[in-house]
2 protein chains.
Amino acid sequence: MSDPRARNGRPTSRDVAQDAGVSQSTVSLVLGGKWHGRVSPATARAVQETADRLGYRPNAAARNLRLGTTRTVLLVVPTLTAPFFGSVYIGAARVAARHGFGIVVYPPDDARPAGPAGNPAGSPFAVPHEAIDGIIASSMTQQALSGFGGTPVVMLDSGPAAAAPTVDFAVEDGMRAVVAHLAALGHRRFGHVAVDLDEWTFQARGEAVADAVAALPGGVLDRAAGSIDVTSAKEAAGRLLDRPVPPTALICDDDLMAAGAYKAARARGLDVPGDLSVTGFDDVQVAVAIEPELTTVRLPARELGEQGMSALLDLLEGGRPETRPLPVELVVRASTAPPSTAPPRT
Amino acid sequence: MSDPRARNGRPTSRDVAQDAGVSQSTVSLVLGGKWHGRVSPATARAVQETADRLGYRPNAAARNLRLGTTRTVLLVVPTLTAPFFGSVYIGAARVAARHGFGIVVYPPDDARPAGPAGNPAGSPFAVPHEAIDGIIASSMTQQALSGFGGTPVVMLDSGPAAAAPTVDFAVEDGMRAVVAHLAALGHRRFGHVAVDLDEWTFQARGEAVADAVAALPGGVLDRAAGSIDVTSAKEAAGRLLDRPVPPTALICDDDLMAAGAYKAARARGLDVPGDLSVTGFDDVQVAVAIEPELTTVRLPARELGEQGMSALLDLLEGGRPETRPLPVELVVRASTAPPSTAPPRT
DNA sequence: TTGTATGCGTTATCAA
DNA sequence: TTGATAACGCATACAA
């Protein structure tokens, strides 16, 4: 016997064929939906019925092997604990569904499978071992991209310098809009609460803030970095607030960090926005959960997913997808106001 | 020619064999890591080198077909926009990795693929068509479970009545602890801001609150339902607060809803916790992002994922996994205090 | 209208 | 120590 595995209880198309008294190819034809004019309606109906009765479900591995395609793409995201990526998924899944594709999500997080037992780590087996046609990688560092082999990849929110087709946000526009808004309110002394991650989007945000403030007569910028959580952001914001001449506005790289900035302000008896203006970035749920509601930059996450999937589809068909940065939108809410001390007159 | 598809540029083990001047089975042995004592070290090294040089990656579909197993399980979650499920994933992925399994996430959300083009909707092809060994379904309604065919399933947070092995939280204990905490503070008039979803966990929460309040001398309970978002929760809480005799404590089914309750209170000039106590459930990020920080019930999400994966592994090996509800923990923070008006003395 | 034969790329058995 | 060979389940070209 050369059959090493326990024969799974699942019926095969052969079983269906046998039970229905037809050949396996007929079953394949019928269940594949391409029997019209090739199989008699009566036979087709019979086959369909036996398949249902037996609870037949095609073996995906066999089908994939035969077809050479899985109509499945992998969405790789840096984390699942940020609601942002849920929206990216929804956008991508919608477009995918329209083309008969499925999407699975693969968050590297901290727990990568080691590959099938018995294989040395670092072997080609160590990468996600699902059968997929392509990959959409969102907001990853460049180095995280290694190991995808020859699989077609579209990168999201990873900057124009990426080694693959990419869809980006116009984050620079967003930061410029933030600074302009704050400047119009009268602010000149800014603090940038930055994310301490080596990803394009945060670097771009940082540079845009620096440039915009530098271009502002009398503008001065201070900066502190932290990780994307409330406590770390509170500390970073606190450092800025404790300077001899503190900023009158805190520009945060992320909405959650803005919540931390609120806390730093409150701990120092500062009112937001009366004594300190605060802005966020992303416009996720938390922006309207905190009080006062946050002035922030809305990132069209769903659209990012849509465009990313479209680009990948294009790529899979041999095209060379071209994309433009997605426009972002400043959402002014209640966390920004004129500074309490008059700005220095020039 | 019976090869309908474009031969993908990817090298096969045959290519490697040819290039290395050995047979395909030798390549398989070497790359499979089981060549010790069966292939000469020199040959093994040569094969390994050619494989690397050619960038060989094994075809997952073929391997899956041959092995009859994919060492991949599907984690099905109701949504990806709630950070809770990110933690569930991490837990499951950790356990999976230890056993050489991978996990992909499948959020049904609103965008299901329609199945390969040409197949009638509702056919067996309409389900997630990846090749997987098992399914972990978290916090789903019972009906969403249909269509999984004969694939082994473990359900998470879906109640003991589920038609499959299940891992649950002791949510009733959590709600009892909340009511006890509030009662000890002196509260007697409670409002339950409930989630308007037909999932076990919310039903259990509602019943536990009702029972606990009923068991409390002088306890009265009011109730309003809404969806899991700030605005809806604010409205629901507002309805409770506008009663002729409003509650002195609002028990929310979810942390995000508690944020909405804060807003309803603030809109009515009520101080939290001075005039109104508020509690949440889940203990996700937002609980410490809002002010005052939220008294809530911590759900060990990661552990849920771990236990779920362990149970599935057990199931896949033919076992009958037994699990106990996971203990939850009341986390007292700053949103609860004695009621401002003395409780009615009995 | 239906059945037979073939191959997808891999792993495992067996013979050399 | 190595190579030929079969089989996994399916979709298709082709023959009947």
Side-chain angles (χ1 to χ4, degrees), chain A residues 1-8 10-18 20-47 51 54 56-71 116-119 124-125 129 131, chain B residues 1-8 10-18 20-47 51 56-71 116 118-119 124-125 129 131:
Chain A
M1 198 52 171
S2 71
D3 191 343
R5 60 206 160 293
R7 172 77 160 70
N8 205 355
R10 264 176 51 177
T12 70
S13 63
R14 220 227 265 301
D15 295 333
V16 175
Q18 217 148 27
V22 299
S23 83
Q24 183 260 329
S25 57
T26 303
V27 172
S28 201
L29 243 26
V30 173
L31 266 31
K34 39 191 70 166
W35 57 274
H36 298 277
R38 325 234 273 124
V39 174
S40 79
T43 315
R45 202 157 0 92
V47 168
L54 262 39
Y56 169 76
R57 308 236 340 252
N59 179 308
R63 163 197 284 267
N64 293 343
L65 177 57
R66 178 66 232 254
L67 261 25
T69 176
T70 59
R71 297 196 88 76
N119 285 310
F125 296 82
H129 43 285
Chain B
M1 200 54 173
S2 72
D3 192 344
R5 62 206 159 291
R7 172 76 161 69
N8 205 358
R10 262 175 53 174
T12 70
S13 63
R14 218 224 267 301
D15 296 330
V16 176
Q18 217 149 27
V22 299
S23 83
Q24 197 205 22
S25 44
T26 303
V27 172
S28 195
L29 242 28
V30 173
L31 265 31
K34 41 190 70 167
W35 58 274
H36 297 277
R38 325 233 272 126
V39 174
S40 78
T43 316
R45 202 157 1 91
V47 168
Y56 169 75
R57 306 237 339 253
N59 180 308
R63 162 197 285 267
N64 294 344
L65 176 58
R66 177 64 234 236
L67 260 26
T69 176
T70 59
R71 296 194 89 76
N119 284 311
F125 294 83
H129 41 285

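Sequence lines set the chain letters: A, B, ... in the order given, protein chains first and strands last, and positions in each chain run from 1.
In this structure, B:Asn59 CG and B:Arg10 CZ are separated by 6.0 Å, a value rounded to the nearest 0.5 Å. In this structure, CG on B:Asp15 lies 9.5 Å from CD on B:Gln24, to the nearest 0.5 angstrom. The line from OG of A:Ser13 to CZ of A:Arg57 is 14.5 Å long, rounded to the nearest 0.5 Å.
C:dT11 atom P lies 17 Å from atom CH2 of B:Trp35, rounded to whole Å. The nearest whole Å value for the distance from the CZ atom in A:Arg38 to the P atom in D:dT12 is 9 Å. As rounded to whole Å, 7 Å separates atom C1' of D:dA11 from atom CG of A:Leu67. C:dT10 atom C1' lies 16 Å from atom CD of B:Gln18, rounded to whole Å. In this structure, A:Leu65 atom CG and C:dT11 atom P are separated by 12 Å, rounded to whole Å. Rounded to an integer number of Å, the gap from A:Leu31 CG to D:dG9 C1' is 13 Å. If you take CZ of A:Arg71 and P of D:dA11, they are 14 Å apart, rounded to a whole angstrom. Rounded to whole Å, atom P of D:dT12 lies 9 Å from atom CG of A:Leu29.
The phosphate of D:dT2 (OP1 or OP2) has a side-chain N or O of B:Ser40 nearer than 4.0 angstrom. Close to D:dA11, at under 4.0 Å from its OP1 or OP2, lies no side-chain N or O of A:Lys34. Regarding contacts with the backbone of C:dG9, every side-chain N or O of B:Thr12 stays at 4.0 angstrom or more from both OP1 and OP2. Within the 4.0 Å cut-off from OP1 or OP2 of D:dT2, at least one side-chain nitrogen or oxygen of B:Thr43 is found.
For A:Ala62, the side-chain atoms get nearest to D:dC10 when compared with the rest of C:dG3, D:dA7, D:dC10. When distances run from any side-chain atom of A:Asn59 to the nucleotides C:dA12, D:dG9, D:dC8, the shortest one goes to D:dG9. Closest to the side chain of A:Arg14, from the set D:dC8, C:dG3, D:dT2, is D:dC8. If you check D:dC10, C:dG3, D:dC8 against the side chain of A:Ser23, the one that comes closest is C:dG3.
B:Ser23 and B:Thr26 share a donor-acceptor pair across their side chains, judged by distance under 3.5 Å alone. A donor-acceptor pair shorter than 3.5 Å can be found between the side chains of A:Thr43 and A:Ser40.
In this structure, A:Ser28 reaches the bases: a heavy-atom distance under 4.0 Å links it to at least one base atom across the strands shown. A:Val27 comes within contact range of no nucleotide atom at all, as no heavy-atom separation falls under 4.0 Å.
Residue side chain B:Ser25 does not reach the base of D:dT5 through any donor-acceptor N/O pair under 3.5 Å, judged by distance alone. On a pure distance criterion of 3.5 Å, no polar donor-acceptor pair joins the side chain of A:Ser13 and the base of D:dG9. Counting atom types as modelled, A:Gln24 pairs a side-chain N or O with a base atom of D:dA11 as donor and acceptor under 3.5 Å.
When atom types are taken as modelled, the side chain of B:Arg38 and the backbone of B:Leu29 share no donor-acceptor pair closer than 3.5 angstrom.
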